[in-house]
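Below: one structure, written as structure tokens.
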Amino acid sequence: MITLTINDIRHDLDLPADMPLLWVVRDIVGLTGTKFGCGLGLCGACTVHLNGEAVRSCQTSLDEAANGEVTTIEHIGTTQVGANVQAAWREIDVPQCGYCQSGQIMSATALLATNPSPTKTAIEDAMAGNICRCGTYARIRAAIQFAAEAE
Amino acid sequence: MMYQAPTLSRRQFLISGAALGGGLIVALSAPRPSHASSDHRSDTNPNANGFRASAYVEIVSDGRVILTVGKSEMGQGTLTGIAQLIADELGCDWETIEVVQANSAPAFGFPFNGFMITGGSSGLRSEWTRMRSMGAAARMMLEQAAADRWNIDAATLSVNDGIVSAPDGRRATFADLAADASELPVPENPLLKSADKRSVIGRSVRRLDTIQKITGRAVFGIDVRVPDMVTAVVISPPQLMAAVRSYHADRALQRPEVHDVVAISTGVAIVADHYWAAHSARDDVDIDWEPGPFAGMGMDDLREGYRKSLDRSGIIAETAGDFATFSNGRSITREFEQPYLAHACMEPMNFTVSVGNGFAEVWGPTQAQSLVQNTVGEIAGIDPKNVTVHTTFLGGGFGRRSAQDFVAAATEIALAIGRPVQLVYSREDDMRAGRYRSFNLTRATGILDDTGDLAALDIKVAKPSVSKWSRLPFLIRDDGVDEQAVEGLVNLPYDIPNIRIEWVDHDPGLPVHFWRAVGSSHNPFVVESLIDDLADAAGQDPIVFRRRLLRNQPRHLAVLDRLATEAGWSKPVEANVGRGVALVASFESIVGEVAEVRIVEGELRVDKVTCVVDCGVAINPGQVEAQMHSSIVFGLSAFLRGEITITDGEVEQSNFHDYEPLRLPEMPEIDVSIMEGADEPGGVGEPGLPPLLPAVANAVFDLTGERITRLPFGS
């Protein structure tokens with residue numbers, strides 16, 4: 001039995017220790033906002049926060065997350081930074097297909113939580129791991145800058 | 001994809017009725033078969049439930065306005081755009097609108113053939129007349145209800161933000177008038193606003209799906225959960241299209257979460273409680289594969305086949321002047337090779353199927369509800385009309401989701417196990433399952449006359465017929481030419497006296513499919529690279545050279561001139577910067593782009609793309625800009641490193657490390673200007689892509705003097 005907290009709710013899970021956090025969140029806990037993109041940590045669609053840090057949930061085993069605090073896209077708006085980022089995403093009207101945007105928002109929120117006024121280079125470094133096939137990058141960058149100014 | 005403008009009065013008409021709770025519904029009839037008589041009054045005014053399977057606008061008595069949208073939302077903004085068409089004529093308060101993604105229904109078919117498909121940048125073009133007519137009819141009925149109530153002439157009334165107002169100050173809300181309006185006849189030919197009266201069309205309203213997509217609430221295909229559902233993965237053959245000889249699944253079946261292992265026509269499916277359980281059991285299934293049809297085949301063999309095919313004669317798709325005898329002048333001949341490309345949608349292919357008792361219910365991200373009905377119907381042996389398609393959000397489409405491979409596989413599995421199933425491809429399955437933009441080889445010759453004018457163009461392209469592969473025969477012309485093979489080559493805007501365009505239907509057999517901009521994803525690369533070459537040979541500036549060729553094309557010329565201004569073309573660039581231009585008309589829009597490039601530490605870097613688009617009516621300028629960005633990024637990913645290759649019949653790429661789309665740090669600065677050149681919308685989702693590849697290639701030529709004739713860059 002592995003215990004972890006997801007979005008402030010405690011879960012006791014009788015699952016294989018090597019099961020990726022992504023599939024625990026999506027298929028066991030039923031939070032489908034976190035997306036499956038590549039399964040190899042290459043695209044960032046599955047990004048969640050584990051103890052406040054952005055991690056690729058497809059590369060994080062349940063065992064590694066044990067006793068941790070997980071936050072997903074469904075709950076990120078309850079943090080001040082997360083709410084600011086979502087408001088900026090809304091203001092700039094970032095999403096197209098939207099599939100990668102959960103991960104983009106989780107990466108952007110983790111960046112702004114530690115670096116409230118990121119430089120262009122800091123934004124590029126923090127967001128390089130999140131692929132958007134629709135090419136919303138200019139709006140993502142603008143929204144991060146907008147959220148930073150709103151702080 | 002070919003598309004014809006709808007004629008509302010001839011093939012489709014409006015019907016109306018009362019909604020439950022005292023609301024008004026105005027709906028579109030299903031497209032009328034071309035042989036039907038004009039008298040269709042008998043099926044008007046069905047009860048409200050009848051409208052649920054149609055395209056409708058509903059004025060609810062609580063003030064909401066509900067719209068159904070039959071086009072698939074894959075990022076291009078069609079949900080919002082269609083709502084804008086209706087709202088502009090209806091005159092409702094934008095904030096009261098709710099959009100509903102429609103189930104499959106005949107009313108959503110293209111008026112010319114009944115197919116319910118989203119593709120070819122045709123969504124807003126096909127809905128332009130009928131959606132506005134629907135909104136206008138509802139508004140006229142609401143106005144008439146107010147006029148009857150107040151005993152005044154409806155023509156004196158005005159409508160704004162969901163309120164009908166009389167000159168004397170009396171006002172009534174849509175909600176208040178809806179029940180009375182539902183008793184009135186539907187206007188047969190609703191009058192549409194003139195362009196200067198539009199208030200929602202032309203405005204950059206925010207997308208109606210944004211909030212769902214930033215909170216994790218948007219439901220994509222992979223998020224569908226239906227009662228009793230299990231999840232399946234398919235082990236596909238390593239060699240493309242190889243068949244299963246035998247398999248042993250004992251070890252997999254010992255896993256408690258695994259329900260079943262079944263052979264289907266394209267591989268072996270593992271069915272389990274959830275994705276991870278199914279995926280983890282892959283190594284516990286031993287499969288003996290037959291050699292695939294491409295066993296032993298690699299890129300050298302493929303190239304050899306293409307090269308030989310160019311020596312065969314094909315079908316002449318277009319001819320003008322007397323090319324055969326034309327020979328005086330300086331000529332340039334080049335061969336252009338462009339690779340297979342994967343779509344690599346962010347959401348891997350998936351589909352959910354429940355089938356039984358002569359009916360099927362399916363859920364998923366599809367661009368082609370009509371084809372899904374046919375696929376499921378054919379495999380399950382049921383009437384396609386009994387297949388209900390629930391369209392989810394699409395995590396990218398780019399043409400890939402009109403293919404039927406994942407629909408067919410999910411249906412086969414559902415039938416084999418007798419319960420609802422969701423099939424999910426891994427990224428590797430998605431990348432290696434075929435359905436690529438086709439490889440193509442093109443030989444192109446241009447000839448300059450004594451004055452340096454372009455006198456002749458002779459282009460021969462070898463590639464398979466994507467329309468045949470996609471089972472859309474209406475895209476093949478009577479003379480056998482697949483329109484998709486030659487789009488971007490025929491009907492060029494340039495004034496060229498002698499022209500010959502030829503297509504060789506060379507099909508190596510690898511599965512191909514529509515890929516963003518289809519033929520225009522590769523043919524304009526050839527034309528615009530060659531034009532650049534010829535300008536250079538004529539000693540002319542590439543924009544000046546094009547201006548002369550476009551002397552009879554005012555819209556194209558206007559785009560080119562605006563582009564020169566926006567890009568600062570008259571000012572020289574720094575010595576370490578190359579600048580290139582391309583102009584392409586596709587999907588009824590015209591887009592010109594200027595790219596600026598540098599070589600930084602041996603790597604090509606695209607610093608800036610200036611884009612000018614004439615898309616007729618820009619229904620939502622903010623979304624037009626977004627789609628130009630999207631197409632530019634998509635094209636740049638392909639230009640820089642997009643390539644699917646095979647060795648011994650196997651696809652070599654598997655995931656985003658070896659098929660890597662552009663990432664944020666590589667994003668060029670993009671500057672988009674929108675021009676309006678006609679009072680009809682042109683396409684928007686694709687036309688930004690075709691000029692990108694040649695503009696960048698021409699910029700590389702400007703910088704290095706090297707002509708790029710093989711993609712991706714550096715191959």
Side-chain angles (χ1 to χ4, degrees), chain A residues 15-16 18-20 22-24 26-28 30-40 42-43 45 72-77 85-87 89-91 93-105 121 123-141, chain B residues 73-77 204 206-207 209-220 222-223 225 231 273-276 279-280 343-348 393-398 424 426-428 622-623 626-627 629-634 636-637 655-657 660-665 667 669-670:
Chain A
L15 293 166
D18 65 344
M19 185 165 173
L22 167 66
W23 298 108
V24 175
R26 284 186 55 83
D27 287 352
I28 308 299
L31 295 168
T32 56
T34 303
K35 298 301 191 233
F36 167 50
C38 68
L40 293 179
L42 299 168
C43 77
T72 70
I73 185 68
E74 287 89 348
H75 206 59
I76 197 66
V85 169
Q86 284 175 323
W89 247 249
R90 167 94 176 112
E91 178 63 28
D93 219 10
V94 175
Q96 289 184 27
C97 91
Y99 193 79
C100 74
Q101 298 295 342
S102 298
Q104 304 278 1
I105 288 169
T121 310
I123 293 174
E124 287 178 356
D125 289 348
M127 303 305 292
N130 289 80
I131 293 174
C132 173
R133 190 69 167 133
C134 298
T136 64
Y137 296 128
R139 291 194 184 196
I140 288 172
R141 186 148 45 196
Chain B
E73 177 57 67
M74 50 189 150
Q76 82 280 41
S204 297
R206 292 207 189 105
R207 293 174 62 114
D209 52 0
T210 295
I211 289 180
Q212 293 174 74
K213 289 177 174 177
I214 61 178
T215 53
R217 293 206 304 267
V219 175
F220 295 86
I222 201 169
D223 305 326
R225 300 291 180 264
T231 302
D273 285 340
H274 49 77
Y275 179 85
W276 180 248
H279 182 73
S280 307
H343 304 73
C345 302
M346 289 309 294
E347 180 190 12
F393 280 118
L394 283 60
F398 319 118
V424 179
S426 68
R427 174 57 57 193
E428 289 77 12
Q623 290 306 309
Q627 284 309 302
H629 275 235
S630 183
S631 290
I632 288 166
V633 172
F634 210 80
L636 194 49
S637 297
N655 207 313
F656 291 132
H657 62 290
E660 189 180 20
L662 205 75
R663 292 178 181 274
L664 186 139
M667 180 73 178
E669 179 191 345
I670 297 176

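These figures come from a predicted structure and were not determined experimentally. So you know, we letter chains A, B, ... as the sequences are listed, proteins then strands, and number each from 1.
Annotation: the span from B:H279 atom NE2 to B:H274 atom NE2 amounts to 13.0 Å, rounded to 0.5 Å. A:I140 CD1 to A:C132 SG: the interatomic distance, rounded to the nearest 0.5 Å, is 5.0 Å.
Contact of A:E91 with chain B is made through backbone and side chain together, with heavy-atom distances under 4.5 Å. Residue A:I105 touches chain B through its side chain alone, counting heavy-atom pairs closer than 4.5 Å. Looking at B:A344, both its backbone and its side chain come within 4.5 Å of chain A, counting heavy atoms on both sides. Of the two parts of A:R139, only the side chain, counted from C-beta on, holds a non-hydrogen atom closer than 4.5 Å to a non-hydrogen atom of chain B. For A:D125, no part sits under 4.5 Å from any heavy atom of chain B, backbone or side chain.
Annotation: side chain of A:Y99 is in contact with side chain of B:I222 (closest heavy-atom distance under 4.5 Å).
Of the listed residues B:R663, B:M74, B:R225, B:E73, the one with more heavy-atom pairs under 4.5 angstrom with chain A than any other is B:R663. Here B:E347 is the residue among B:Q212, B:E347, B:H629 with the most heavy-atom pairs under 4.5 Å with chain A. In terms of non-hydrogen atom pairs under 4.5 Å with chain A, the most contact-rich of B:V219, B:N655, B:L394, B:L636 is B:N655. Of all the listed residues (B:Y275, B:F656, B:F393, B:F398), the one sharing the greatest number of non-hydrogen pairs under 4.5 Å with chain A is B:Y275.
Inspection of the A:E74 and A:T32 side chains reveals no N or O donor paired with an N or O acceptor under 3.5 Å. Between the side chains of B:Q76 and B:Q623, not a single donor N or O lies within less than 3.5 Å of an accepting N or O.
Checked for salt-bridge contact, A:R141 and A:E124 meet the test: a charged N lies under 4.0 Å from a carboxylate O.
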